[in-house]
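Sequence lines set the chain letters: A, B, ... in the order given, protein chains first and strands last, and positions in each chain run from 1.
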Amino acid sequence: MLVDLDYFFAQVEERRNPSIRDKPVVVCVYSGRTEESGVVSTANYIARRFGVRSGMPIILAKKRLKGVEAVFLPVDHDYYEEVSERVTTILRGNADDFERVGIDEAYLEVSRRVEGDFGRAAALAQLIKGEVRDREGLTCSVGVGPNKVVAKIAADAKKPDGLTVVRPGEVVPFLSPLPADSLIGVGKKTAERLEALGVKTIGDLANYDVQRLIECFGKSLGTYLHNASNGIDDEPVQERGEAESISRIATLKEDTLDLRGIIEVTDRLCKEIHESLVQRGLSFKSVGIVAVMKDLSIRTRSRTLESPTDDVGVLRGAVKELFERFLGESEIEARRVGVRVSGLVKGMETQRRLTSFF
DNA sequence: GTATGCTTTCGGC
DNA sequence: TTACGGCCGAAAGCATAC
């Protein structure tokens, strides 16, 4: 079963201030470059009727809503996280196994508690929807299926406040007519490549030669596309561990290739990352930088240290070196810059003992 | 040949 | 007409070790 909270950020804002419920609500990530630069994070269904979509520039959303009384709000991520954690507790309590996928989505393995009965699973889904509504005042859309791939697509079938059950015998006819990019893992790039092969729907994909798919997309994605389009998926529902990387990114006041200006920004990002590391008692082994260029293309560079550390000075030094080298070879100006640490390990005990020993 | 590690890109939310 | 965030994980592609 997949539970997906409807238009989550905007719905939470509606709950916080019910007077906006009957208007278009657009939750935005303001980049700070100009008054209105940034993108739409989430919009409620009223705003969507005007063509407002996630990822759309704010200025374009305003154009779509010209002459309409609409509400534009900045994201309040800490608050959404709080609400999400309470909902997560409700959901986890209704599952044999649980997997939180993002801030607004989770897989629930319920086979054992419903003894494999899809009717009972549907009843449980209704119960969960009721509990989330009564306790948190939020609606969600639920998909029930024989595996994660099918449950996910089922949840997308009816939104908001939907419940879609796809029984094992119904899987292939349910999937067949849907566009190929309904499958998780098929984004814009993969959809374009599939289209070039004449594959438009999941049904086209299911009937396409597996060997060809593997030749075009590699073994992993190729076999996945074949199996998933045929409704076959045996990925387990399981709790995810701690984050494997921590990153921060910021938009520059203006596009530039100037090292000093960029380091001023990345030093702040390094400080934030360091605070997060200290809070979680982690050290890092790899340091990466990312630059979103003027043309919105993305470049990354990274390097691995000789040993893990939690030293913010080491982090800043590595970031500076990476940018120094990168900016030297770049012809186009950077718009946004970011820092990422990975290879996270608990604590620093071993390293400290070694350094103090030598 | 197989396993493992590192860098980079892609996709989801 | 254009317009444009901030995260995260997965995996491809490559190099090196065994």
Should the ring pair A/Y80 and A/F9 be called parallel, tilted or perpendicular, given that the plane angle runs from 0 to 90° and is split at 30 and 60?
-> parallel
Nucleotide of [options] approaching [X] most closely (side-chain heavy atoms):
X: A/P57; options: C/dC4, C/dG9, C/dC7; result: C/dC4
X: A/S31; options: B/dT8, C/dC7, C/dG5; result: C/dG5
X: A/D104; options: C/dC4, B/dC13, B/dT8; result: B/dC13
X: A/E244; options: B/dG11, C/dC8, C/dA10; result: C/dA10
X: A/I184; options: C/dC8, B/dC13, C/dG6; result: B/dC13
X: A/R340; options: C/dC4, C/dC8, B/dC6; result: C/dC8
X: A/S41; options: C/dG5, C/dA3, C/dC8; result: C/dG5
X: A/R301; options: C/dG9, B/dT8, B/dT7; result: B/dT8

With the threshold set at 4.0 Å, does a side-chain nitrogen-carboxylate oxygen contact exist between [X] and [Y]?
X: A/D267; Y: A/K320; answer: no
X: A/E275; Y: A/K271; answer: yes
X: A/D255; Y: A/R33; answer: yes

With nearest nucleotides of DNA chain C determined for A/R240 and A/I249 from heavy-atom distances, which residue corresponds to the more 5′ nucleotide?
-> A/I249
Nearest-Å distance for atom pair [atom1]/[atom2], residues [X] and [N]:
X: A/K63; N: C/dC4; atom1: NZ; atom2: C1'; result: 15 Å
X: A/I298; N: C/dG5; atom1: CD1; atom2: P; result: 12 Å
X: A/Y80; N: C/dC7; atom1: OH; atom2: P; result: 15 Å
X: A/F9; N: B/dC13; atom1: CZ; atom2: C1'; result: 8 Å
X: A/E99; N: C/dC8; atom1: CD; atom2: P; result: 18 Å
X: A/R193; N: C/dA12; atom1: CZ; atom2: C1'; result: 11 Å
X: A/F8; N: B/dG12; atom1: CZ; atom2: C1'; result: 16 Å
X: A/Y224; N: C/dA12; atom1: OH; atom2: P; result: 13 Å

When you compare the side chain of [Y] with that of [X], does any pair of heavy atoms fall below 4.5 Å?
X: A/E333; Y: A/L252; answer: no
X: A/V87; Y: A/V3; answer: no
X: A/P24; Y: A/V68; answer: yes

Across the strands shown, which category fits [X] at heavy-atom distances under 4.0 angstrom: base, sugar-phosphate, nothing?
X: A/S54; result: nothing
X: A/G102; result: nothing
X: A/L221; result: sugar-phosphate
X: A/G55; result: base
X: A/T42; result: nothing
X: A/I246; result: sugar-phosphate
X: A/K62; result: nothing
X: A/V40; result: nothing
X: A/E105; result: sugar-phosphate

[N] phosphate, OP1 or OP2, under 4.0 Å from [X] side-chain N/O:
X: A/S302; N: B/dC6; result: no
X: A/T251; N: C/dC4; result: no
X: A/T304; N: B/dT7; result: yes
X: A/T300; N: B/dT7; result: no
X: A/K285; N: B/dC6; result: yes
X: A/R335; N: C/dG5; result: yes
X: A/K152; N: B/dC13; result: yes
X: A/S37; N: C/dA3; result: no
X: A/R336; N: C/dC4; result: no

Rounded distance in Å between the P positions of C/dC4 and B/dG12 = 24 Å
Between A/D233 and A/N227, does a side chain to side chain contact (heavy atoms under 4.5 Å, CB included) hold up when you go through it step by step?
-> CA-CA 7 Å; A/D233 170 33; A/N227 288 331; over 6 Å; no
